[in-house]
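Some notes on the structure that comes next.
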Amino acid sequence: MKNIKKALAVLLCLAVIICAFSACSSGGESNTGSEKLNIVCTVFPEYDWVMQVLGDKAENAEVTLLLDNGVDLHSYQPTAQDIIKISSCDLFVYVGGESDAWVADTLNEAKNQNMAVINLMEVLGTLAKEEEVVEGMQAEAEEDAEEAEEGPEYDEHVWLSLKNAQLFVSKIAVELSKIDAENKDAYLANADAYSDKLSALDDEYSAAVNAASNTTVLFGDRFPFRYLADDYGLNYYAAFVGCSAETQASFETVSFLAGKVDELGLPAVFAIEGTDHSLAQTIINNTSAKNQQLLVLNSMQSTTSQDAENGANYLSIMQSNLEVLKQGIA
């Protein structure tokens, strides 16, 4: 159903775009011929990676973050203005999961048919992971039989892996170099320097997990950290899958998770940013000790460009996540 709703929204937006383009002169030029590069990204990590690769050339680019109002990827529906921005940009970066089903029609109707497009899921290829339902997790009820037959649903939170990030940054640098060959050396050098930082933080995560007395994390929330958990061999339990729309956990789910906290002697229950954390607290309240920490990891699903102006960036958030993780696996 959610794909149908998004498709309808896109069709309405496309109708507006057709009218807008009809009002333009037939000789109008796309942004590929303008002075500034025009780049559109769907989620914050992509936006930050582009800015890191641009480096001091960022002043020669207009970079737009579409999900810039606190709405996460799963709830986002493009506006007519969003689709117009994409239609004439030089580079479009998007995740490519089920939540981006609207993108195909948008690209088919794009004014600039020569734009470079980066689909993060396609960059990952066989490294993309299907969503999984682990023991005790409350599975979503299928919305209808047709959706159940659509095939596997992939975990969209591909940015929550420092290893994946290195692949994405390299791809962004390559595409920018094609679009703006004059600054190719700068883009590739910036990407290499940034990848070194990603690799160094990746090593810090590995060292922290290897030194931990406990390698299981338990989320009283959605679990968007599948890629990160797999990178470092972390085991996990959670109330819901990462892309779940569920908010109310059953008694059985709460009981199971609280029992796991007791069984494994876990020092913390995790939650993600942007929720009221009441479920995580309920799980704690149902353990024997009732004294576990409630720790919050930032999945960057609602980080905005204003947050970036205030100093937030992908590396700093992942570094903060590491410090929080250490508390929960000590």
Side-chain angles (χ1 to χ4, degrees), residues 70-75 99 129-143 153 155-157 159-161 205 208-303 317-330:
V71 174
D72 74 23
L73 181 66
H74 315 298
S75 305
S99 296
K129 300 177 184 294
E130 290 184 35
E131 280 199 337
E132 64 177 357
V133 178
V134 299
E135 184 185 11
M137 185 180 282
Q138 189 166 310
E140 280 191 288
E142 292 291 348
E143 292 179 335
E153 183 173 344
D155 192 318
E156 299 178 322
H157 308 94
W159 60 85
L160 291 169
S161 161
Y205 268 87
V209 174
N210 290 338
S213 57
N214 154 58
T215 55
T216 298
V217 293
L218 186 144
F219 275 68
D221 211 327
R222 291 183 289 156
F223 185 72
F225 291 93
R226 166 90 190 280
Y227 288 91
L228 185 146
D230 284 1
D231 279 350
Y232 308 111
L234 290 169
N235 301 308
Y236 73 91
Y237 296 94
F240 312 112
V241 296
C243 295
S244 176
E246 302 289 338
T247 57
Q248 299 296 319
S250 67
F251 170 80
E252 289 78 12
T253 298
V254 171
S255 179
F256 174 87
L257 294 174
K260 275 296 174 184
V261 173
D262 288 338
E263 175 190 336
L264 300 173
L266 300 180
V269 173
F270 288 88
I272 64 173
E273 83 290 353
T275 62
D276 65 8
H277 307 155
S278 60
L279 175 54
Q281 188 61 57
T282 298
I283 292 168
I284 292 172
N285 293 343
N286 280 273
T287 64
S288 296
K290 299 178 174 42
N291 63 352
Q292 294 80 14
Q293 296 184 79
L294 198 167
L295 301 175
V296 178
L297 289 180
N298 188 343
S299 63
M300 290 178 269
Q301 295 182 81
S302 56
T303 309
I317 293 172
M318 290 297 284
Q319 182 71 60
S320 295
N321 280 343
L322 174 58
E323 300 312 312
V324 173
L325 180 63
K326 286 178 181 178
Q327 298 177 56
I329 60 175

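The structure presented is a predicted model; accordingly, all values stated were derived computationally and were not measured. Here, residue 1 is the first one in the sequence, and each next residue gets the next number.
Residues passing the side chain to side chain donor-acceptor pair (under 3.5 Å) test with Lys129, sequence neighbours excluded: Asp230. Here Ala211 pairs with nothing under the side-chain contact (heavy atoms from CB on, under 4.5 Å) rule; sequence neighbours left out. When the side chain to side chain donor-acceptor pair (under 3.5 Å) test is applied to Asp231, the partners found at least two apart in sequence or on another chain are Ser161. Scanning for salt bridge (charged side-chain N to carboxylate O under 4.0 Å, His left out) contacts around Glu273 gives an empty result, with sequence neighbours left out. Applying the salt bridge (charged side-chain N to carboxylate O under 4.0 Å, His left out) test to Glu130 and every residue at least two apart in sequence or in another chain returns nothing. Applying the side-chain contact (heavy atoms from CB on, under 4.5 Å) rule to Glu132 yields the partners Val134, Arg226, Tyr236; only residues at least two apart in sequence or on another chain are considered.
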Audit row: Asp72, Arg222, salt bridge (Lys or Arg N to Asp or Glu O under 4.0 Å) steps and yes/no:
CA-CA 13 Å; Asp72 74 23; Arg222 291 183 289 156; 3.4 Å; yes

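The backbone N or O of Val254 lies less than 3.5 Å from no partner atom in the side chain of Asn286, so there is not a single donor-acceptor pair.
By the 4.5 Å heavy-atom criterion applied to side chains, Asn214 and Pro267 are counted as neighbours.
Checked by atom type, the side-chain pair Asp155/His157 shows a donor-acceptor distance below 3.5 Å. Using a 3.5 Å distance cut-off with no hydrogens or angles, the side chains of Glu323 and Gln327 do not pair a donor with an acceptor.
Taking the six-membered ring wherever Trp is involved, the centroid distance between the rings of Phe219 and Phe225 falls below 6.0 Å.
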